[in-house]
Amino acid sequence: MYNKEGLLPALGLRLSLVVGALALLLALPWEKHIDTHFHWDRSPVPNTGEQDTASFTRSVLHINSHGTPLEAWLYLPKHTTSPPPVLVMGHGMGAQKDIGLFMYAEKFVEAGMAVLAFDYRGFGGSGGLPRHWVSPKRHIQDWHAVVDHVQATGLGGQVDGSRIALWGVSYAGGHVLVTAATFGSNISAVIANEPYVSPAAVLSTTGVRGVGRTLRLLAVGISDELRRLLGHVGLTLPPIYLSLVAPITDPKALALLPLQESEMKLRSVHAPPKRQGGWQNKVLARVVLEALGYNPSRHFSKITAPIFFRVASLDHLCPPSVVLNAVRKSGWPEQQYVIQERNVTHLEAHSTGVREGDIKPVIAFLRQHLGLGEGDAGAAAAGQGAEEAAEVQFPSS
């Protein structure tokens with residue numbers, strides 16, 4: 001027999017402890033490096049609209065993803081006799097198309113292919129609230145929506161929807177691999193730049209930031225997720241934002257991505273001073289929890305498209321050892337993938353990736369697998385980098 005009189009106080013004490021713990025998690029009174037505000041600035045931003053140059057045009061499109069418009073830039077090469085193949089581009093964690101994607105897009109369109117660069121829901125010129133919600137699930141949904149739209153419509157006959165390649169960097173380097181697995185033979189080629197391929201990369205950053213800050217990140221992530229769940233039962237609390245990036249050397253800073261000093265200096269090199277949507281260095285903290293279960297490498301066995309991997313030997317965010325280990329375990333034949341490694345950090349790889357010696361092999365790879373011949377637009381420009389491209393052996397189609 002148990003003592004009912006003793007049981008009730010014990011249950012009450014436990015319930016009080018649980019409620020108190022939840023209250024602390026919701027309030028996080030000890031955490032000074034978070035906030036609950038984000039101003040969505042929808043005012044026009046210079047140089048984010050249409051363009052018309054000697055070699056290409058750029059127009060602004062909107063594509064529906066789960067009821068929300070995604071803004072995309074469509075680059076079309078001039079002097080083509082038929083709809084060109086298209087390269088779909090998306091940025092990495094917490095970034096958007098006006099932060100460096102344009103410099104790659106211009107190189108690719110000048111090589112003869114159309115380019116469609118888009119923003120995820122909650123970022124840049126796209127709609128959606130709350131802003132800056134980094135979510136692998138939602139991002140993959142957006143990738144699928146864009147590829148579906150290109151396949152179904154050919155963007156009004158402006159591109160060849162049967163010849164589609166994918167380009168992603170960092171977190172989106174993983175997204176393009178998952179998307180390629182879903183669409184199978186409908187994807188002609190994949191470019192995965194410094195890709196996130198498994199939670200092993202998360203463990204690598206844990207070693208960089210230390211156990212203390214990692215536990216703080218988890219607490220903030222749990223708090224933001226609790227607030228999201230409470231919203232489903234009518235209790236509305238503002239979401240919690242944490243910094244996207246911060247210096248590794250700052251012992252108090254709490255950020256999703258700890259960066260080296262050299263990388264911190266590169267953050268704004270390829271971004272305008274004012275960015276679409278009022279971009280800020282912050283993301284919803286709930287991504288900390290979702291990221292733990294995101295594993296693009298689980299989908300590798302379903303990928304049939306040839307893949308060009310770019311990795312950075314000094315990358316502590318998406319270490320090349322993690323990428324190469326996942327590739328070895330994939331079961332892919334060696335002729336299905338190419339690996340280009342550079343002795344740079346994660347952000348340096350993105351910044352330097354448009355240099356002739358780095359991008360020419362990528363362009364040659366894309367032209368081969370998208371079926372662009374010597375007579376197509378951009379052939380002369382692509383041919384100028386033959387020596388640089390020769391260092392990479394491409395898989396055959």
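Under the 6.0 Å cut-off for aromatic ring centres, Tyr120 and His91 do not qualify, their centroids lying 6.0 Å or more apart. Trp279 has its ring centre no less than 6.0 Å from the ring centre of Phe123. Between Phe102 and Trp73, the ring center distance fails the sub-6.0 Å criterion.
Put simply, the side chain of Lys78 gets close to the backbone of Thr53: a donor and an acceptor are under 3.5 Å apart. His132 places a side-chain N or O within donor-acceptor distance of the main-chain N or O of Lys282, the cut-off being under 3.5 Å. A donor-acceptor pair is defined here as one N or O able to donate and one able to accept, closer than 3.5 Å; no such pair exists between the side chain of Asp315 and the backbone of Thr345. Under the 3.5 Å distance criterion, the side-chain polar atoms of Arg213 are left unmatched by any main-chain donor or acceptor of Lys252.
Here the closest non-hydrogen pair linking Val134 and Gly94 is CG2-N, 3.8 Å. Contact record, Ile359 with Gly353: CB-O, 3.4 Å, taken as the closest heavy-atom pair. Taking all atoms of both residues into account, the shortest heavy-atom contact from Leu166 to Ala180 is CD1-N, 3.9 Å. Nearest heavy-atom pair, Gly90 versus Leu101, reported as atom, atom and distance to 0.1 Å: C-CD1, 4.1 Å.
Using a 4.5 Å cut-off on side-chain heavy atoms (C-beta onward), Leu218 and Leu292 make contact. Looking only at side-chain heavy atoms (C-beta outward), Val245 and Asn281 come within less than 4.5 Å of each other. Proximity of Asp41 to Lys274: side-chain heavy atoms (C-beta onward) are separated by under 4.5 Å at one or more points. Using a 4.5 Å cut-off on side-chain heavy atoms (C-beta onward), Arg227 and Thr36 make contact. In this structure, the side chains of Glu50 and Thr57 stay at 4.5 Å or more apart for every pair of heavy atoms. Annotation: side chain of Leu76 is not in contact with side chain of Val109 (no heavy-atom distance under 4.5 Å). Using a 4.5 Å heavy-atom threshold, the side chains of Phe108 and Ile363 count as touching. At least one side-chain heavy atom of Leu256 sits under 4.5 Å from a side-chain heavy atom of Leu242.
A distance of 11.5 Å separates CD1 in Ile222 from CG in Leu229, rounded to the nearest 0.5 Å. Atom OG1 of residue Thr68 and atom CG of residue Asp142 lie 8.0 Å apart, to the nearest 0.5 angstrom. Rounding to the nearest 0.5 angstrom, the gap separating the OG atom in Ser198 from the CZ atom in Arg298 is 9.5 Å. Atom CD of Glu348 is separated from atom CG of Asn343 by 9.0 Å, given to the nearest 0.5 angstrom. From Arg355, atom CZ reaches atom NZ of Lys107 across 12.0 Å, with rounding to the nearest 0.5 Å. Rounded to the nearest 0.5 angstrom, Asp358 CG and Gln340 CD are separated by 5.0 Å.
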**OP:** Tell me, with the steps shown, if Ser243 and His33 meet side-chain hydrogen bond (donor to acceptor under 3.5 Å, both in side chains).
**Re:** CA-CA 8 Å; Ser243 295; His33 294 268; over 6 Å; no
**OP:** Show your working on salt bridge (Lys or Arg N to Asp or Glu O under 4.0 Å) between Arg342 and Glu194 and close with a plain yes or no.
**Re:** CA-CA 10 Å; Arg342 293 290 184 260; Glu194 307 85 53; over 6 Å; no
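A salt bridge between Lys137 and Glu290 is absent, with no side-chain N of the basic residue lying under 4.0 Å from a carboxylate O of the acidic one. Of the charged side-chain nitrogens involved, none lies within less than 4.0 Å of a carboxylate oxygen, so that Glu106 and Arg58 do not count as a salt-bridged pair.
The aromatic rings of Tyr75 and Phe56 are tilted relative to each other, their planes meeting at an angle between 30° and 60°. Between Trp332 and Tyr337, the ring planes lie tilted relative to each other; the angle falls in the 30° to 60° range.
In terms of hydrophobic clustering, with Ile, Leu, Val, Met, Phe, Trp and Tyr side chains grouped at heavy-atom distances under 4.5 Å, Phe308 and Val354 are assigned to a common cluster. Note: the hydrophobic cluster containing Leu314 does not contain Val323 (ILVMFWY, side chain heavy atoms under 4.5 Å, direct or indirect links). Leu284 and Tyr294 fall into different hydrophobic clusters, where Ile, Leu, Val, Met, Phe, Trp and Tyr are joined by side-chain heavy atoms under 4.5 Å apart, directly or via other members. The hydrophobic cluster containing Val287 does not contain Tyr241, counting ILVMFWY residues as joined when their side-chain heavy atoms lie under 4.5 angstrom apart, directly or transitively.
Cation-pi geometry between Arg121 and Trp133 is not met: the NZ or CZ atom fails to fall both under 6.0 Å from the ring centre and inside 45° of the normal.
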